[in-house]
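Right, one structure below, let's go through it.
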Amino acid sequence: MRKNVAVDIQQVTKIYGTGNAAVTAVNNVTLQIYDNEFLTLLGPSGCGKTTLLRMIAGFEDMTKGHINLFGEEIEDLPPNQRPVNTVFQHYALFPHLSVYENVAFGLRRLKKSEAEIDHRCKEVLALTQMEALAERRPSQMSGGQQQRVALARALAPNPKVLLLDEPLSALDLKLRQAMRDELKQLQQKTGITFIFVTHDQEEALAMSDRIVVISEGKVQQVGTPQAVYEAPANRFVANFIGEANMLEASCKTTGKNMTFTLVGGGTLKISTPDVAAGDAVTIMIRPEKVKVLAKTGKKTTPSSLQMEAKVIEQTYLGSVTHLDLACDGQTLKACINQGAHASFATGDEVLIEIPADNCRVLRS
Amino acid sequence: MSIKRLRLLGLLPTWVTIGVLMIGPLLIMAAVSLMEANVYGGVHLRFDVSSYVQILFDKNLFDETEFNPAYLIIIMRSFMLALGATGLALLIGFPAAYYIARQPDHRKNLLVFLITIPFWTNLLVRTFAWVIILGRGGFMDQVGSFLNIIGPDESINLMYTNTAILIGLVYSYLPLMVLPLYASMEKMDVRLLEAGADLYANRYELIRRIIVPLTMPGIIGGSILVFVPCLGAFIAPDLLGGGKKLMLGSLVQLQFATSRNWPFGAAIAMMLLAIVVIALMVNARAARRHAVYEQTGAEATHG
Ligand SMILES: Nc1ncnc2c1ncn2[C@@H]1O[C@H](COP(=O)(O)OP(=O)(O)O)[C@@H](O)[C@H]1O
Ligand SMILES: [Mg+2]
C-alpha cells in the first residue's frame with residue numbers, strides 16, 4: 001500500500017529574534033508525516049517541538065522552508081483556515097463556555113447545521129467519555145477531565161491532522177498511563193493523523209507508529225519505536241531513549257565482520273556498515289543485554305566479550321534489579337531479571353558478558 | 001470585654017465615617033427633597049411632595065396642574081448624551097485597552113500612566129481646552145478651512161451643540177472606561193485566542209465569541225463608571241453646551257446655586273441617585289454571573 005503524505009515538512013527553519021539574541025528553535029527540518037499515522041516528536045525541553053507544531057498550525061511563521069498539507073501549500077493560510085486542530089499543552093479551554101459549547105465551538109465557526117453540531121458533539125463527547133459532564137464549566141472539572149474536553153474539542157471538527165502538545169504532561173502518573181492507551185485507540189478509531197509532542201520517551205515508545213527524535217532543533221532520527229530503541233542513530237538518541245552503556249573503541253579491520261578494540265582492552269566482532277578501519281567509535285549496549293555471571297561462570301555465547309567487574313550498587317525494582325558495575329575504570333549498567341539469575345551482593349566480583357549481536361556501533 | 005465587642009469597637013471609625021460622610025448627607029438630601037422651598041434659599045420644615053411633581057408637571061395660570069415636558073426633555077437629553085458618551089467611550093476604549101494589554105510589561109505601565117495623566121489637571125481647565133478647539137476660529141475651524149471644507153471666515157459651528165457636549169463627555173471620562181477594560185483584558189489568557197483561531201474563528205468571531213465575553217466585567221464596570229458621572233455632568237454642558245443644552249447635573253447645580261429651589265434640586269438629585277443605584281445593581285448582577293469566567297478554567301490542575 002502506498003502511503004499518503006499528510007504533512008510534508010521541507011527544510012523548515014525557525015529563528016526567533018535577530019542578531020545576538022537570535023535563537024534557532026528549528027534547524028532545517030525535513031520530515032514526511034503519513035496519513036493515518038501516530039507520529040511522535042520526542043526531545044528534551046527546549047528542543048523546538050512546540051515551535052514545529054505551531055508552524056504546522058499556523059501560529060508561527062517559518063524563517064525558511066515549506067510545509068505542505070496533503071500536497072497543498074499552507075504557508076499563506078492563517079490558522080483558522082488550516083484543516084488542523086490542536087490540543088494545547090495547557091488545554092486553553094474557553095472558561096466562559098460549557099463543555100458542550102467548547103466542543104461545539106469549531107463546528108459553529110464552520111457554520112454547520114444545529115442538528116449536525118448536536119450529533120457530532122454527542123459523538124465526540126461519547127468517544128472521550130465526557131457526555132455526563134456536558135453542561136459543566138471547565139473550572140468545575142479535574143485536570144484529567146479538562147484534558148478529555150480539550151481532546152473532544154479538537155476532534156469535533158474532524159480535522160485531517162490533530163496536533164497534540166504534551167497533552168498528558170500535567171496529569172499524574174496513573175492517569176497518564178491510562179490516557180496513553182486511550183489516545184492510541186482514539187487515533188486508530190478515528191483514522192486521523194496524530195502528531196504528538198512529548199519529552200517522555202516511555203510515552204513515545206508506548207504510543208507511536210513512528211518517533212522523530214529531535215535535539216537542538218535538528219532531527220536526530222526517524223523510525224519505529226523499535227528502531228530508535230534498538231538501533232539508535234547516534235549517542236544522543238541512545239542516551240535519550242532508555243539507558244545505554246557506552247564503550248569507546250576503535251575499528252581495526254574493514255570487511256563483513258569488523259573487529260573493534262575497546263579502549264580498555266578486549267575485542268568485539270560486529271558487522272556494521274560505513275565504518276572504516278582506524279575510525280574511533282562508540283559501542284552502545286543496553287543494560288538488559290549485558291549478561292552478569294558468577295566469577296566461575298562459563299561463557300554463554302561465542303561471539304561475546306567477557307570482562308571482570310565488581311558490583312558497586314544494586315537497586316531492587318521488583319520484576320528487575322539494576323546493577324551498577326565497575327569495569328575497567330568505567331561504570332556499566334546492567335539490568336537482570338529477578339529469578340533468572342543468581343542474586344548478587346554489593347561488592348561481589350562478577351563476570352560480565354557483552355554479546356556482539358546486541359552491540360550497536362555509533363560514530364563518535 | 002469580649003473579643004466580639006472589641007471587634008465591633010474597632011469597626012467604629014468605619015461606621016462613623018460611612019454614617020457621617022455618606023448616609024447622613026443622603027438622608028438630609030432626601031429630607032430636603034420632601035420639604036417646601038423657601039424662595040430666599042433653604043427650606044421650610046413642612047412636608048411637601050411638590051418638588052417631585054414639578055419634575056413632570058407645572059401649574060398653569062389658572063392654578064391647574066398640567067404636563068410640562070421641559071424637564072423631561074432635559075432628562076431624556078441627559079440620558080441620550082450619557083448613553084452616547086458611554087457607547088463612544090467603549091468604542092474608543094476597547095481597542096485602546098486591548099492594545100495596551102498586549103504590550104510588553106514596561107510599556108504597559110507607561111501607557112496606563114499616560115491614560116491617567118488627564119486626571120492630574122482640573123476638569124474645568126481641560127473642558128475649557130475644548131472650547132478653544134471647537135470654538136469659532138478655533139483649531140477645528142482652522143483645520144476645516146485648511147481642508148477647504150468651510151470658507152476662511154466660516155465656522156463648523158460645533159460649539160453649543162449636543163455634539164460638543166458629547167465630545168467633552170467622552171474626553172472627560174474615557175480613562176474611566178479604559179482602566180477597567182484594561183484590567184479585564186490583561187487577565188485574559190491570550191492562548192485562548194490561539195485556541196479560537198485553531199477552531200476556525202476569524203477575527204470578528206474571536207472578538208465576539210471570546211474577547212467580549214471574557215472581558216464583560218470590564219465592559220460593564222467601565223460603562224457604569226462613564227455613564228454615572230456623565231448623567232450628572234454639568235461642566236461640559238455648561239462650557240460646551242453654553243448653558244442652553246441643560247443636563248441633569250446642570251439642573252441640580254442651577255437649583256442650588258441660582259434658582260434657590262433646594263427641594264427641587266434635591267428631588268432631581270434623588271432621581272439621579274435612583275438611576276445610578278439601578279445601574280449599579282445591574283452591574284453587580286452581571287459581575288456575579290461573570291465571576292465564573294474569572295476563575296481560569298484553562299489552568300491545568302492535577303488529577
Ligand atoms: N516566542 C519565542 N521567542 C523567542 N524564543 C522562543 C520563543 N518560543 C520558543 N523560543 C525558544 O525556542 C526554543 C524551542 O522552544 P520550544 O519550541 O518551545 O521547545 P519545546 O517545545 O521542545 O520545549 C527554546 O530555546 C525557546 O527558548
Ligand atoms: Mg513545548
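Each chain gets a letter, A, B and so on, in the order its sequence line appears, and its residues count up from 1.
- By the 6.0 Å contact criterion, CZ on B:R208 is open, its count of non-hydrogen atoms from other residues, nucleotides or ligands being 12 or less.
- Surrounding NZ of A:K174 are at most 12 heavy atoms belonging to other residues, nucleotides or ligands under 6.0 Å away.
- Contact of B:E205 with chain A is made through the side chain alone, with heavy-atom distances under 4.5 Å.
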Apply the test side-chain contact (heavy atoms from CB on, under 4.5 Å) to residues B:L199 and A:R109: give CA-CA distance (whole Å), side-chain angles for both, the deciding distance (0.1 Å), then the verdict.
CA-CA 7 Å; B:L199 291 162; A:R109 302 292 84 75; 5.5 Å; no
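- Between A:F88 atom CZ and B:D189 atom CG the span is 10.5 Å, to the nearest 0.5 Å.
- Interface with chain B: from residues 36-59 of chain A, residues A:R54, A:A57, A:F59 qualify, criterion being any non-hydrogen pair under 4.5 Å.
- Heavy atoms from other residues, nucleotides or ligands lying under 6.0 Å from OH of A:Y16 number more than 12.
- Within 6.0 Å of CD in A:E73 there are more than 12 heavy atoms belonging to other residues, nucleotides or ligands.
- In this structure, CD1 in B:I210 is found 6.0 Å from NE2 in A:H96, a value given to the nearest 0.5 Å.
- Between atom CZ of residue A:F94 and atom CG of residue B:L193 there is a gap of 8.5 Å, rounded to the nearest 0.5 Å.
- For A:P95 against B:L214, the heavy-atom pair with the smallest separation is CG-CD2, 3.7 Å.
- Scanning for side-chain contact (heavy atoms from CB on, under 4.5 Å) contacts around A:N158 gives A:R120, A:I192, with sequence neighbours left out.
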